[in-house]
Amino acid sequence: MAGFARPSCVADHVREVMCMTAIRDKTQRGQSSTPLSGASLAAGGTMLLSGAFSIIMGVSGVARDRLFATSSPYTYWFDLTAWGVIHLVVGVVLLIAGLGVLAEKSWGRGAGAAVTAISLITQFMFVPHYPAWAIPMMTLDLLILFALTRFHIETSGGR
């Protein structure tokens, strides 16, 4: 019997064989044991939407579309091309951070909150150019910030 491996099955006294099987652990390396929470899923999806909208707004600004108009100069005066580039950059970073949140990356929530706050500020500064767009986008950014920065408190009572 030298050179033979010990069998992995154990026979009991009534000639039944019980084999030990390996049960795959649900928590593999790099994956969390809990599924993505509803607020994180909503925040990530909304960040993708907000990023896509910002990119559309940026392309419109860079293309010198007649969509934007300012009746008078104001404190945060930038050329429309500059606003287009700002919206493009913020939109791309929002998309990346949204994908990070949805992929449950460790940097996703922090980066998402930071870039959403920057988006909120830029939308506020953009209000004189196109308030019908900037105000709903600010509302969207506030909802994203709420979803990313809320605390999840678990109770043992099942509620």
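Note that the structure is predicted; figures quoted are calculated from it, not measured.
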How about Val115 and Ile96: do any of their side-chain heavy atoms sit closer than 4.5 Å?
no
Report the distance from atom CE of Met138 to atom OG1 of Thr122, rounding to the nearest 0.5 Å.
10.0 Å
Nearest 0.5 Å, what's the CG-CD distance between Leu142 and Gln123?
11.0 Å
Whether His129 and Phe126 hold their rings parallel, tilted or perpendicular, with breakpoints at 30° and 60°
tilted
For residues 136-146, which residue pairs pass the side chain to side chain donor-acceptor pair (under 3.5 Å) check, not counting sequence neighbours?
Ser50-Asp141, Ser119-Asp141
Can you confirm whether or not the ring centre of His87 sits under 6.0 Å from the ring centre of Phe53?
no
Rounded distance (nearest 0.5 Å) linking atom CG of Leu94 with atom CD1 of Ile144
6.5 Å
CD1 (Ile121) and CD1 (Ile86) are apart, to the nearest 0.5 Å, by 12.0 Å
Please say yes or no: joined through hydrophobic side-chain contacts below 4.5 Å, possibly via intermediate residues, are Leu145 and Leu143 part of one cluster?
no
Are Leu102 and Leu48 close enough that some pair of their side-chain heavy atoms sits under 4.5 Å apart?
yes
Please walk me through it: do Met57 and Trp83 pass side chain to side chain contact (heavy atoms under 4.5 Å, CB included)?
CA-CA 9 Å; Met57 195 64 132; Trp83 275 117; over 6 Å; no
Do Leu88 and Ser54 make a side-chain contact, defined as non-hydrogen atoms from C-beta onward lying under 4.5 Å apart?
no
So Val90 and Ile55, side chain to side chain contact (heavy atoms under 4.5 Å, CB included) or not? Walk me through it.
CA-CA 8 Å; Val90 169; Ile55 289 172; over 6 Å; no
Close side-chain approach of Met47 and Leu95, heavy atoms under 4.5 Å
no
Got a second to check how far Phe146's CZ is from Leu148's CG, nearest 0.5 Å?
11.0 Å
